[in-house]
Amino acid sequence: MKLWSGSFSVETNKQANDFQSSIHFDSRMYREDIEGSKAHAAMLASADIISNSAADEIISELDRILADIESGKVTFTSDNEDIHMNIESLLTERIGQNGKRLHTARSRNDQVAVDLRMYIKREISEICGGLKSLIEAITDTASNHLETIMPGYTHLQRAQPITFAHHIMAYAEMFFRDYERLADCYTRTDVSPLGSCALATTTYQIDRNMTASSLGFSTISRNSLDAVSDRDFVIELASALSIIMMHLSRICEEIILWSSHEFSFISLDESFSTGSSIMPQKKNPDVAELIRGKAGRVYGNLMGILTVMKSLPLAYNKDMQEDKECIFDSIDTVKQCLSVFVPMFLGIVVNKSKMYNAAAEGFLNATDCADYLTRKGAPFRDAYTVTGSIIKYCTEKGLKIEDLDISELKSFSPLFDEDIYASLDLLDCVKQRNAPGGPAPECVLSHIEWMKKQLDQIEN
Ligand code: ARG
């Protein structure tokens, strides 16, 4: 029997009932729902709205319901529509009259908003932990590759020599910003809507600050209509998760490229690769590919929630129930991707000589040659032109710049001296680039140290 059967003359249509039920996906908020109800009951008693004994009975039965759910003794039903009504009706079944007092000065509209905010806060903290492990994996790997030369690319064309440490620390920065974005999103989620009730608060003298602080919220919402109709915090999280997936898809794309025969910069541990059912030589980077692919569904979820919320009039509308599957899927996907990415990344074997040889082909030290001439007094544009003709000459002869002897070099410019060879050495090229943020080992090392300090400050 429905709660509203007193004012309705017919029963809910079976199809409509199943259609609007959300219990199959919102049951995952059972802990938050029970916690929220306990705080609400305690507040009702302290504000003399219900008796202390009623509140005590409600609270201890809610604890038993929690234990029963966790030990698998409870079966939820779509007849009770959602997690909120399932728990309330269990409570009433078990304790009778006092169970019916719980929903005083409350509505499912503020209840679902408070549950979802608590759930999201918990998940944000978990995802932040996942990002922290990822950044740690990157900084630890980078520490071992401060002098591992590789080509740096623009337009996927070899450009200038950098190091593997410098390259992967770029990702550490991206994931650190992702962490900060989540922390920021947490702040805006950390606002209690409880007490806003259906849309216009209540005639009871409730204590909103009491429930907020007992549920661990930093503050309370300032407008009851906004509090029950706002899902910005969901959209913001969906967006931050999309950005994480975008970053993961970029590093996965590079892992896929680097592990290809064409690059052979790295090899993946066999435990994170798969073979082919027909081609015995294959070792496929499926995990990296799948993470790259899963960015699609997380972006889709963001579009889904944005579209659900578009043009909705105030305050609560049932459309908003559609927020949950989207955000739950994005949360699950990101957590899963982070947890499989980290061990896969740590299992990567770097082929230093392949990386070095790739950096040694393709005149990656051409800018260094031009810089050398500029340091000796040539205007940079002239040095650039001279270097261009050297490259043309070398390309025709199949040589590198450093293969030319000093007299050949001097025929291009009298400014060349024996010290040019040191300037063309790839490790030297990298070491010279020691402006803050550059690939010079000392710069990357201080970046790694800075990052480790940031990670140390993050509480687990
Ligand atoms: N299951 C609903 C949701 O997720 C809870 C709120 C329902 N409120 C209502 N008045 N129908 O949005």
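Values below: all heavy atoms of this structure, side chains included; hydrogens, waters and symmetry mates excluded. In listed order, ligands and their atoms are each counted from 1. Here the structure is a predicted model, which means the values were calculated and not measured. Residue numbers start at 1 and run along the sequence shown.
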Pull out every atom of ligand 1 sitting under 4.0 Å from any heavy atom of [X], numbered as shown with elements.
| X | answer |
| --- | --- |
| Ser22 | 1 (N) |
| Val112 | 3 (C), 4 (O), 5 (C), 6 (C) |
| Asp82 | 1 (N), 2 (C), 5 (C) |

Could you tell me the residue and atom name of the protein heavy atom closest to [atom], and the distance to it rounded to 0.1 Å?
| atom | result |
| --- | --- |
| atom 8 (N) of ligand 1 | Asn109 OD1, 2.9 Å |
| atom 2 (C) of ligand 1 | Gln321 OE1, 3.2 Å |
| atom 11 (N) of ligand 1 | Arg108 NH2, 3.5 Å |

Neighbour count >12 (heavy atoms, 6.0 Å) for atom CD, Glu254: yes

Greater than 12 external heavy atoms within 6.0 Å of Arg158's CZ: yes

Arg231-ligand 1 polar pair, N/O distance under 3.5 Å: no

Geometric N/O contact Tyr316 with ligand 1, under 3.5 angstrom: yes

Atom pair CD1/CG of Ile124 and Leu237 - distance to nearest 0.5 Å: 5.0 Å

Between Asp190 and Ser218, a side-chain donor and acceptor under 3.5 Å: yes

With sequence neighbours excluded, residues passing side chain to side chain donor-acceptor pair (under 3.5 Å) with Asp79: Asn17

Result of checking Trp258, Tyr153, Phe265 against His167 for ring pair (Phe, Tyr, Trp, His ring centres under 6.0 Å): Trp258

Heavy-atom gap Lys324 to ligand 1 smaller than 4.0 Å: yes

Pairing of Lys318 and Glu81 as salt bridge, 4.0 angstrom limit: yes

